[in-house]
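Single-structure report; data block below.
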2 protein chains.
Amino acid sequence: MTRLFNDPTEFADEMIDGFVAANHLQVRRVSGGVVRSTRSTPDSVAVVIGGGSGHYPAFGGLVGQGLAHGAAMGNLFASPSAGQVYSVATAANNGGGVLLSYGNYAGDVLHFTQAQEKLRNEGVDCRTVTVTDDIASASIAEKHKRRGIAGDLTVFKAAAAASEAGYSIDDVERVAILANERTRSIGVAFTGCTLPGADTPLFTVPEGRMAVGMGIHGEPGLRETDVPSADGLADLLVGELLAELPDGIGQADGQRVGVILNGLGSVKYEELFVVYKRVAALLEEAGLTVVDPEVGELVTSFDMAGVSLTLFWLDDELETFWRAPADTPAYRKGSVGAAEQMDEAEMHDSVATAAVVEPGSPESQAAAVTALAAIEAVLAVIEENADELGRIDAVAGDGDHGVGMQRGARAAAAAARDAQAKGAGVETLLVSAADAWADRAGGTSGALWGVMLRALAGEVGDTAAPTAESVSAGVTAARTGIQSFGKAEVGDKTMVDAIVPFTDTLAAEVATGKGLTAAWSTAADAATAAARETADLLPRMGRARPHAEKSLGTPDAGAHSFALIVQSIAVVLTAEKGETE
Amino acid sequence: MTRLFNDPTEFADEMIDGFVAANHLQVRRVSGGVVRSTRSTPDSVAVVIGGGSGHYPAFGGLVGQGLAHGAAMGNLFASPSAGQVYSVATAANNGGGVLLSYGNYAGDVLHFTQAQEKLRNEGVDCRTVTVTDDIASASIAEKHKRRGIAGDLTVFKAAAAASEAGYSIDDVERVAILANERTRSIGVAFTGCTLPGADTPLFTVPEGRMAVGMGIHGEPGLRETDVPSADGLADLLVGELLAELPDGIGQADGQRVGVILNGLGSVKYEELFVVYKRVAALLEEAGLTVVDPEVGELVTSFDMAGVSLTLFWLDDELETFWRAPADTPAYRKGSVGAAEQMDEAEMHDSVATAAVVEPGSPESQAAAVTALAAIEAVLAVIEENADELGRIDAVAGDGDHGVGMQRGARAAAAAARDAQAKGAGVETLLVSAADAWADRAGGTSGALWGVMLRALAGEVGDTAAPTAESVSAGVTAARTGIQSFGKAEVGDKTMVDAIVPFTDTLAAEVATGKGLTAAWSTAADAATAAARETADLLPRMGRARPHAEKSLGTPDAGAHSFALIVQSIAVVLTAEKGETE
């Protein structure tokens with residue numbers, strides 16, 4: 001379990017600060033993560049990686065000469081926000097285009113894709129290669145749905161070494177795609193980690209049993225077996241990987257493979273070496289030539305007890321890149337050329353800009369005061385319920401909902417206070433809050449709340465006083481936004497189960513001529529009832545949540561927090577307006 | 001807990017094989033451990049380190065350019081045998097003398113000192129610097145009694161960099177002594193590890209509590225507290241270390257310190273970075289300049305949950321050596337010169353020699369058959385009771401007694417069979433068994449059984465048939481040997497509690513004219529009774545065993561195994577001789 005932390009909501013930030021303090025010769029802090037503190041070749045391709053924190057050395061530990069140029073570092077087990085990815089990519093950009101590469105998880109895809117769009121809109125040639133090495137997470141026919149685990153490293157390293165070799169963005173992308181096609185992993189799990197501040201592990205596997213193919217956040221795997229001997233585990237891992245050769249690879253004598261035997265956190269080096277002894281023998285028996293094996297902790301999940309094996313099927317070009325030197329905080333190999341440190345002057349954080357606020361109309365400024373009061377109420381209810389939200393989310397999810405909502409609401413409130421103090425209208429205030437929420441919370445829920453607040457803001461504007469109709473239209477736009485963003489339907493046991501009845505009720509009440517306060521309260525009650533009903537549903541397919549059946553009887557954390565939020569706003573509206581009808 | 005293993009008694013060997021397979025560019029296997037697979041400068045000082053296995057990267061992971069030349073790798077948590085240390089040192093020797101350096105534990109001191117004597121007898125200029133960095137393990141007045149923990153690394157690295165810089169053995173020794181004087185560490189523990197095949201952890205700390213100053217094998221510490229926040233832990237660790245500055249160090253502004261924040265196994269990188277953030281701030285507040293901090297897993301104890309902080313108080317020379325490049329399997333820094341791999345021909349294991357056996361007299365050969373039968377009986381009784389011995393030992397010790405005795409007895413039996421097949425007399429057979437036992441078992445019990453069997457062998461000879469008198473004299477010599485070796489007295493709850501009454505009874509019975517078989521049986525019963533009585537004793541002071549009081553009610557494992565062994569021999573003697581009086 002994780003024992004050492006201060007405020008759990010600050011854990012990721014403090015971790016990054018400590019990491020940079022210990023490794024300033026290789027990395028420096030920028031908004032959203034870290035980039036190299038050494039100079040890169042001008043006009044070379046920047047390889048920008050990232051993902052949730054809690055997987056060290058992924059992702060910040062892999063930044064440095066010969067490996068990544070920057071890493072967007074999200075909150076614990078939550079994807080970085082689009083703003084973080086954009087910020088890191090902008091700071092890492094050497095003028096030769098940006099390759100984004102990351103493990104294939106829904107939240108990461110959402111945020112990195114948004115960031116890619118923003119970079120492209122600014123004229124940056126940005127490409128993306130998601131890593132899909134985990135053969136247990138989908139069939140070969142659906143390789144694009146596979147998750148990325150320890151095979152991240154082979155793809156990042158091949159792409160980065162190609163960049164160091166002077167390859168163009170087209171060729172770096174080609175190499176990364178090929179590396180991903182040639183990389184296959186499979187993992188096993190014995191126990192899950194316990195996140196900072198949580199009381200219980202993210203997931204459990206019965207004592208003496210092993211979950212084959214389980215993901216690094218506890219995503220469901222293939223099957224459960226008794227814990228085998230070290231040799232037995234090697235047989236299983238090698239057997240699974242040799243049963244699925246990449247296209248165009250014959251298992252010919254002398255075929256070269258890079259190998260990663262990865263410990264997830266508390267399976268220690270000695271055990272890994274005992275397993276590796278047998279892995280090496282089996283690969284030799286299969287006629288394969290092992291190139292530069294890595295046995296250690298390359299992608300962890302805090303102190304999760306688990307192991308994965310990765311095979312990287314090399315050709316001449318990939319072998320050169322796999323063997324190439326690298327010097328990062330957590331991955332060093334061979335001798336890189338002497339690193340030139342950047343000057344202090346170069347180490348600015350290129351995207352840290354203070355927002356300029358255009359004052360709103362007096363009517364809109366007045367509405368902004370109410371909107372700020374509503375956001376303060378939202379923050380209060382989230383603070384009060386954060387532990388409960390985490391607990392509910394841990395039943396079937398990754399347990400980060402409480403912390404994510406807390407970080408998002410705190411940041412949104414701070415931004416809204418600042419905007420209000422500068423005379424913002426309600427649209428500007430809500431947009432500030434939206435961006436701050438998405439940026440600080442990260443993860444899927446952060447993205448969704450950012451989308452919702454922005455959609456609402458667009459309907460209420462900075463000029464006229466908001467009306468029941470404009471607010472209702474804003475809420476409908478918010479619903480449309482998150483449905484197109486997250487692709488969930490009613491009945492999937494997601495936040496959508498609460499927002500749909502809320503929006504429908506609000507619109508219907510407003511249509512009958514009700515005032516905003518009364519209509520909102522009725523709609524909030526509908527949301528609360530609907531959130532409660534999610535307890536009887538099974539989670540949506542494809543959310544890659546473990547032990548879905550265990551969540552029966554527990555409401556969805558996102559639907560529950562949505563209901564809490566709209567109820568807290570109802571209280572503010574009632575108090576402000578004194579409406580009672 | 002350790003889950004992945006095959007035969008627990010083979011764990012350490014399989015681990016070394018897998019380790020070497022994964023890291024052959026840097027290390028190669030020799031008897032007893034590993035040495036560099038790259039060429040070292042001729043006539044440079046060889047820095048040879050070592051200790052029990054289970055602490056990776058200590059010790060094999062620290063062998064390579066810029067760091068150690070060789071590592072003697074003992075069984076799990078058991079010191080390497082003198083034979084292992086000698087073998088590794090001989091293979092590592094470049095002709096410029098050998099510096100032995102290791103953490104200050106009783107078993108290691110015994111074996112490394114024996115090896116040093118053997119090397120010196122062969123004309124090798126051999127020096128020793130034991131590492132004593134753990135400030136919680138004894139007062140400053142008794143610094144020489146302190147244990148070595150993560151500060152091993154600073155001493156090894158300073159000595160090795162001095163060797164790379166062309167320093168003579170005198171100067172390498174001086175640097176190592178200074179580095180040890182300038183290195184201070186303190187650790188905390190939350191839980192202990194569970195060794196391969198064991199059912200229970202080596203030690204436990206109550207949930208929510210932290211043992212301050214506890215050693216890496218669970219040796220007792222200073223006090224127990226609640227688990228603090230990450231900042232609180234940093235305050236504690238830094239505070240303790242700044243309260244004990246090395247001689248000659250003023251805490252002047254700009255004083256330079258190397259820093260190691262070490263995770264013991266399952267306190268993970270993210271937690272370490274959060275703690276390090278505060279450590280760095282505190283050191284800066286104290287006016288200290290941090291040089292090349294290391295935050296990670298440098299000395300582990302399988303998956304023990306614990307943390308230690310090391311400060312290395314630098315002068316110009318030590319700073320140069322701390323900053324110097326290194327390239328080992330687990331520790332890489334800067335850019336070393338291109339490594340020249342050794343040729344296959346150079347990679348011979350210089351001390352692997354087959355024993356030549358001089359045949360004994362017919363009488364002694366006949367006695368050797370009986371001795372072999374006795375050793376086979378010893379092996380059988382150890383195999384049968386190995387789990388029980390491990391369980392008893394874990395109550396107050398490090399739980400390795402069962403595995404150690406098993407490895408020793410198996411090796412002794414194999415060596416004795418070989419000697420007997422070659423016509424050895426009983427002395428030669430017992431000497432072969434003694435050396436094999438000490439070499440394979442390692443640890444303190446391995447050394448003691450080696451000493452006892454050799455002493456016995458010396459009295460019975462290869463010529464005459466052994467008599468009751470000569471056997472009794474041999475047993476008395478064995479007792480004298482282990483008492484002078486281990487310095488234990490009756491009542492210390494050690495093996496001595498059983499061997500003393502055994503020897504006294506045997507001598508008394510033989511003096512009354514009893515035959516060997518009858519005398520031995522009576523003596524064995526005395527040993528059994530005495531071993532049973534150790535259950536009421538507290539362990540000897542200074543054995544550094546945790547939770548000594550917990551061992552009340554449990555016999556000493558060494559005394560218990562001694563009694564089992566002499567009883568099993570009594571059965572053989574009775575069967576062979578048919579004596580019954």
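Per chain, numbering begins at 1; letters A, B, ... match sequence-line order. Values below: all heavy atoms of this structure, side chains included; hydrogens, waters and symmetry mates excluded.
Residue B/D7: no heavy atom, backbone or side chain, is found under 4.5 Å from chain A. Heavy atoms of B/F5 lying under 4.5 Å from chain A belong exclusively to its backbone. Residue B/P325 does not touch chain A at all, counting heavy-atom pairs closer than 4.5 Å. Interface remark: A/P228 contributes backbone atoms only to the contact with chain B (heavy atom separation under 4.5 Å). For a residue to count as touching a neighbouring chain, one of its non-hydrogen atoms must lie under 4.5 Å from one of that chain's; by this rule B/D13 does not touch chain A. Neither the backbone nor the side chain of B/Q26 comes within contact range of chain A; no heavy atoms are under 4.5 Å apart.
Note on B/G18, B/A21, B/A280: by heavy-atom pairs under 4.5 Å with chain A, the leading option is B/G18. Of the listed residues B/E10, B/E14, B/R3, the one with more heavy-atom pairs under 4.5 angstrom with chain A than any other is B/R3. Counting heavy-atom pairs under 4.5 Å between each of A/Y276, A/F11, A/Y56 and chain B puts A/Y56 at the top. Listed options A/E294, A/K333, A/E297 were ranked by heavy-atom pairs under 4.5 angstrom with chain B; first place goes to A/E297. With chain B as the partner, the residue from A/D231, A/V295, A/L233 showing the most heavy-atom pairs under 4.5 Å is A/D231.
Nearest heavy atom pair, residue B/A230 against residue A/N6, reads N-OD1, 3.3 Å. Taking all atoms of both residues into account, the shortest heavy-atom contact from A/F273 to B/A22 is CE2-CB, 4.4 Å.
For the atom pair CG (B/D17) and CZ (A/R278), the distance works out to 13.5 Å, reported to the nearest 0.5 Å.
Close approach to chain A, defined as a heavy atom under 4.5 Å from one of its heavy atoms, is seen in B/D303, B/A305, B/V307 of residues 303-310 of chain B, taken by number. Residues of residues 258-271 of chain B lying under 4.5 angstrom from chain A, judged on non-hydrogen atoms, are B/G265, B/S266, B/V267, B/K268, B/Y269, B/E270, B/E271 in numerical order.
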